[in-house]
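Data first, discussion second: the structure below is written as structure tokens.
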Amino acid sequence: MRPRRFRRIADLLARAGWVIRRVLGAPDYAAYVEHVHRVHPDRTPLTADAFARDALARRYDRPGSRCC
Amino acid sequence: MPSLAPRSLAPRTPLAALGWALVAVSGAGALALVALSRGEPVSAIWLLVAALCIYAIGYRFYSAFIAARIFALDDRRATPAVRLSDGRDFVPTNRWIVFGHHFAAIAGPGPLVGPTLAAQFGYLPGILWIVVGVVLGGAVQDFVILCASMRRDGKSLGQMAKEEIGPIAGFTGMVAVLGIMIVLIAVLGLVVVNALRSSPWGTVTIGLTIPIAMLMGLYMRWLRPGRVLETSAIGLVLLMASLFAGRWVAEHLSLAQLFTLDGRTLAVLIMVYSFAASVLPVWLLLAPRDYLSAFVKIGVVVALAIGILVALPPLQMPALTRFTDGTGPVFAGKLFPFGFITIACGAISGFHALIASGTTPKLVERETDARLVGYGAMLVESFVAVMALIAACALTPGVYFAINAPAGALGTSAQSAATTIASWGFTVTPAEMIELARQVGETSLLSRTGGAPSLAVGMAHIFSGMLGGGGAMALWYHFAIMFEALFILTTLDAGTRVGRFMLQDIGRHLWPRFGSTSSGPIVVLSSALFVAMWGWFLWQGVVDPLGGINSLWPLFGISNQLLAAVALCVATTVIVKMGKARYAWTTLLPLAWLAIVTMTAGWHKLFSPLPKLGFLAHARALQAASAAGTLPPGIHSSGELARLIANDYLDAAVAAFFLVSVLVVIADSAREWRAVLGGKPARSTETPFDSRVVAGD
């Protein structure tokens, strides 16, 4: 009983964390890996570290926009 | 299940119809109460009820109308996020997450500062413009641009202007956006300078956010790559610690002196910081600050909402003040047109069109989600503006004007301020101002223009009333200042970087090498150039004896509303080219209003014979003083006088440039509308509906 409840809380927290990350615009590595496996099965996805760096570069290295 | 935007817009059941009628009646009733009440202070609840009811009706009926009749949003039509899905930029995302992300991107200091300044007219003009403007203008603009971009693989506003209207409009728009960025960054810099001037507590707290961000950046880069939440949590804890560190310094005699900085020093520091942020790698400073600031942004909005809902403060400011006649001290000019440009963000903001055609359209999973994201998020931003208005109007008018009127109007002592404010018909005693400053841990609150200190006092007032006063008031005040300054600085540093890219993009037409974003010297040169451009305006604002906000905020308001006019031109062109010209009034209506408001305001700023209002008249008045060999009050040398005169001419030129740019874009658009309506084949660049690609599950 206890462990299951803990797991449910942990799941809920993980889910909330995922939502907040997405709202902040942080990249979603798991979704990226899933995408690569599904659409380009022949390619190897970037490592988590490389993906994080690449996402950052893409976010700021083109004139996006900034609001008042 | 895939669904179409509803064909029939009427409520489906009699009960629903009754419910919506009730909402309409409540909204109208609350608005009437707010508008007609005289004498007794009105409770903030009526402003909130009026706003929420009108938002509900606008969302339920007007946005549904646009979704169904103009775009015929259809979930069977795959969005760019689905079609071009790459796991990086184009990612189909749950609509509530896109909504949150879009809101965090459009929300900034604008909706907090504008309504605070416009409170000098009383609360009534502000609330009416915010609520009506958003439902018929701002939310429509954001929504239509989002839909247009979504139907064009997520193209930017600039690209759409070029492809839908023509190269002239495209280029003019691009240069105008650069000009707007310059004015925006300068005026926001000035808000920060005025909030931190002679405030060791605020300066230390904000100063510490820079090493905190760098620490977060290093942590995320080397220790725990990609751990955004963990890093942000550490950052937020350190941020709270910096609040107490600020207080410790302010109470320490010699350290407090060291961090008591004047406006000029602060302005230079802000320029140096923004330059560094634009040149340093983004992972070190920009990215961690962005995350921190997004938390803070949402935190401040939620805290303000809770505070106002719990406290429901009575509005001390009258519905209308005598300053609607244009003699107001906070900024010059009559209610029409200046009320409508002072409150830009919150009613309609051109900058949102850049966001709605940036990251957001690449995330929208289903076409019908665009209604919640485009129209809905703007309603929330508008609600933030209503809350800022309430916080400003909950202060007694005497206190409000003591904080927001420049030293040029109030003099420099609490006594002279009290006398001047009494002559305006409001009361505040010198003792009251001194006591208030002591309570919030500042040496003085007189003439702290720019809106941030006033909002912070308002918030501190609401929170400490709710959670116990005394020492808490000072913490709440600096908490609010830290929040505001943090996300203003995020706009400054990221804006400088964006502005540098834009400058390079325009400059490469003259000198191809200037466009290189990988060459170190070019990056340094273009960054320095862009900082110098906005730094000039910031510096002039700081040395201006009238306080700077006076001349810069209207210029920013005009430029932001003009960008909205450009966006609405693009929106109208898109609608006309879709063959929906009969519904083009949805965007033509706000476009016409903005064109009238901004042209009138621009004209006043240029040619008004009043030195307080017109840039040219002000220059002439200073020249007359210079010829007579006298120095006007607040000006220390003839060199300073000459610079002020030059700056008036520059301000005038900038205002004229904005007006001409928009006339060009409107004329170019009108030409295209006429051509299309006259039978020219519409070359709309909408991505065709491919029925083989099916969206959703």
With a 4.5 angstrom heavy-atom cut-off, is it the side chain or the backbone of [X] that approaches chain A, or both, or neither?
| X | result |
| --- | --- |
| R221(B) | both |
| N94(B) | neither |
| T93(B) | side chain |

Legend entry - Proximal component of A26(A), with respect to chain B [non-hydrogen, under 4.5 Å]: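 Both backbone and side chain.
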Inset, instruction - Find the one option among D54(A), D49(A), L24(A), V36(A) whose heavy-atom pairs under 4.5 Å with chain B are most numerous. - result: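 Most heavy-atom pairs within the cutoff with chain B belong to L24(A).
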Inset, instruction - Classify the ring geometry between F51(A) and Y32(A) as parallel (under 30°), tilted (30 to 60°) or perpendicular (over 60°). - result: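 Aromatic pair F51(A)/Y32(A) classed parallel.
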Charged N to carboxylate O under 4.0 angstrom, [X] versus [Y]?
| X | Y | result |
| --- | --- | --- |
| R21(A) | D28(A) | no |
| R7(A) | D11(A) | no |
| E365(B) | R95(B) | no |

Inset, instruction - Please say whether more than 12 non-hydrogen atoms of neighbouring residues, nucleotides or ligands are located less than 6.0 Å from CZ in R8(A). - result: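 Not buried by this count: 12 neighbours or fewer within 6.0 Å.
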Legend entry - For chain A, the option from V187(B), I185(B), L229(B) that forms the most heavy-atom pairs under 4.5 Å: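 Greatest number of close heavy-atom pairs with chain A: L229(B).
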Inset, instruction - Return the option, out of F487(B), W96(B), F295(B), with the maximum number of heavy-atom pairs under 4.5 Å with chain A. - result: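 Among F487(B), W96(B), F295(B), the one with the most close pairs to chain A is F295(B).
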Legend entry - side-chain contact (heavy atoms from CB on, under 4.5 Å) partner of F103(B), the single match among V380(B), V98(B), V373(B):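 Considering V380(B), V98(B), V373(B), a side-chain contact (heavy atoms from CB on, under 4.5 Å) with F103(B) is found only for V380(B).
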